[in-house]
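Notes follow the structure.
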There are 2 protein chains.
Amino acid sequence: MAGTGARRMRADARRNRERLLTAADEGFREHGVEASLERIAREAGVSIGTLYAHFPSRQALAAALLRARHDSLFELGDSLPGEWSAIDALATWMRAVAAHAAAYRGLATFLVNALGDEASELHAECARMARITERLVDNARGTIGAKVTAEDVLAVTNAAAWTREQVSSSQADRLLDLALRGLRAVTPEPPL
Amino acid sequence: MAGTGARRMRADARRNRERLLTAADEGFREHGVEASLERIAREAGVSIGTLYAHFPSRQALAAALLRARHDSLFELGDSLPGEWSAIDALATWMRAVAAHAAAYRGLATFLVNALGDEASELHAECARMARITERLVDNARGTIGAKVTAEDVLAVTNAAAWTREQVSSSQADRLLDLALRGLRAVTPEPPL
DNA sequence: ACCTGAACACCGTTCAAGT
DNA sequence: ACCTGAACACCGTTCAAGT
């Protein structure tokens, strides 16, 4: 695996990498995921060439920045099927993903693009999110409408993340609650 | 009103304005609402200074480009309360807005920002969309959940527009259908 | 009344040259 | 093994000077 950590690096390289990540987190938080890379390098006290040496693309930088967050998200997603009811597990997952994908402004769009781009350093993470969603949706079959797909659930979740970025987290929560009510199965089954 | 049309303009100015709008529509369609303005001017065969003379900001350019679309959208919105049931009127409105706000990539985000920015040349249009939404939501009171606000409906609609841009129009339609099911009142009223 | 294009302050990205 | 910074090709925006 590439860039899994700071092992076997020269001490100065290791320090530069750390500084870049700190500056990038600040930059992304302040200006969104499209923040200027030159400014991030400047803020880290490092040349722009060094930034590119460590992170060959904006996706790679974002992936490194999100690694810890992704790890705990996946841990949650894998643990959910055991706990609560299937519908509560799904709801918890959707809320967690929506909160995660709004960590930086523009991140929801960034992640959706990564899911559709196999070359992106974030593609594997996005695919994993999709797989976990599929499992939780399958588990909730019968409780949720028969015509609801995992893609529907992922789309709603990403849309909620976008709402969180653009409007507010409380509005995003309301959107998710609304969607969850729509997800539940009713009889007779209405057309979707 | 500023920039209401092509009246009382010198013939060359009028022609340049038209060329700029054509090039901008192409540029926005191809590269989204953040397309390069210099490229648009170049494509229109006009200097970048001329673009700024006609359209002092990207918002102004977008507003001019969307004027016809907005006019017919508002016409629809004002005519809806007379026709169909209140809930169908609301659903029709939501679908129309979601389709409109996805005319160019990035437009949903652009419009949400304009709603929150009184200085934007698109602010009045966005506020008008919000007012029409409020009226239709009020009309549908009793059919939709008592705790559902016009802001909820607008948020869902914008989120669907974003989904349309980012994923597909069919996925956006499914999101809207899901949300509409969630909007409908049920007894006993569940907490939102 | 309108247009031009240089000017300024920024970008992303690459790559030879250094240590 | 890693870093630097110049180089290139772009941007958005303004404004003096032209017609």
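Letters go in sequence order (proteins before strands), and every chain restarts at 1.
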Counting primed atoms, P, OP1 and OP2 as sugar-phosphate and everything else as base, the B/S/- map of nucleotides 14-19 of chain C against protein heavy atoms under 4.0 Å is BB----
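For the salt bridge (charged side-chain N to carboxylate O under 4.0 Å, His left out) criterion with A:Asp12, the lone passing option out of A:Arg10, A:Arg15, A:Arg14 is A:Arg10.
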Name the atoms and distances for all side-chain donor-acceptor pairs under 3.5 Å in residues 118-126 of chain A, with sequence neighbours left out.
from, atom 1, to, atom 2, distance (Å)
A:Ser120, OG, A:Leu122, N, 3.0
A:Glu121, OE1, A:Ser57, OG, 3.1
A:Glu121, OE2, A:Ser57, OG, 3.2
A:His123, NE2, A:Leu115, O, 3.2

Side-chain donor/acceptor pairs under 3.5 Å, residues 69-77 of chain A, sequence neighbours excluded:
from, atom 1, to, atom 2, distance (Å)
A:His70, NE2, A:His100, NE2, 2.9
A:Ser72, OG, A:Arg69, O, 3.2

Side-chain atoms of residues 29-36 of chain A: list all donor-acceptor pairs with protein atoms under 3.5 Å, sequence neighbours left out, distances to 0.1 Å.
from, atom 1, to, atom 2, distance (Å)
A:Arg29, NH1, A:Asp25, OD2, 3.1
A:Arg29, NH2, A:Asp25, OD2, 3.0
A:Ser36, OG, A:Glu38, N, 3.4
A:Ser36, OG, A:Arg39, N, 3.0

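Partners of A:Gln171 according to the side chain to side chain contact (heavy atoms under 4.5 Å, CB included) rule, which considers only residues two or more places apart in sequence or in another chain, are A:Thr163, A:Val167, A:Ser168, A:Arg174, B:Glu151, B:Asp152, B:Ala155. With sequence neighbours excluded, no residue forms a side-chain hydrogen bond (donor to acceptor under 3.5 Å, both in side chains) with A:Thr157. Among residues two or more places apart in sequence or in another chain, the side chain to side chain contact (heavy atoms under 4.5 Å, CB included) test is passed with B:Ala179 by B:Val156.
The distance from atom CG of B:Leu51 to atom P of C:dG5 is 15 Å, rounded to the nearest whole Å. Atom CG in B:Leu61 sits roughly 11 Å away from atom P in D:dG12 (whole-Å rounding). Rounded to whole angstrom, the span from the CZ atom of B:Arg14 across to the C1' atom of C:dA1 amounts to 16 Å.
For B:Asn16 and C:dC2, the shortest distance from a side-chain N or O to OP1 or OP2 is not below 4.0 Å. For C:dC3, one of the phosphate oxygens OP1 or OP2 lies less than 4.0 angstrom from a side-chain nitrogen or oxygen of B:His54.
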Note, DNA chain D 5' to 3' with Watson-Crick or G-U pairs under 3.5 Å encoded as ( ), [ ], | and . gives ||.|||||...|||||.||
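B:Glu43 approaches B:Ala23 most closely through the heavy-atom pair CB-CB, 4.1 Å.
Residue pairs satisfying the side chain to side chain donor-acceptor pair (under 3.5 Å) criterion with at least one member in residues 47-56 of chain B, sequence neighbours excluded, are absent. Counting only residues at least two apart or in different chains, side chain to side chain donor-acceptor pair (under 3.5 Å) contacts with residues 76-89 of chain A comprise A:Asp78-A:Arg128, A:Ser85-A:Asp88.
Nucleic acid contact for A:Ala53: none, since no nucleic acid atom lies under 4.0 Å from a heavy atom of the residue.
Ring geometry, A:Trp162 versus B:Trp162: the interplanar angle falls under 30°, so the pair is classed parallel (tilted spans 30 to 60°).
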Using a cut-off of under 3.5 Å, enumerate the N/O to N/O pairs linking the protein to nucleotides 9-11 of chain D.
from, atom 1, to, atom 2, distance (Å)
D:dC11, O5', B:Ser36, OG, 3.2

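Side-chain N or O atoms of B:Arg17 include none that pairs as donor or acceptor with a backbone N or O of B:Phe55 at under 3.5 Å. Remark: the backbone N or O of A:Ala108 is paired with a side-chain donor or acceptor of A:Glu165 at under 3.5 angstrom.
Against DNA chain D, the stretch residues 24-34 of chain B makes no heavy-atom approach under 4.0 Å.
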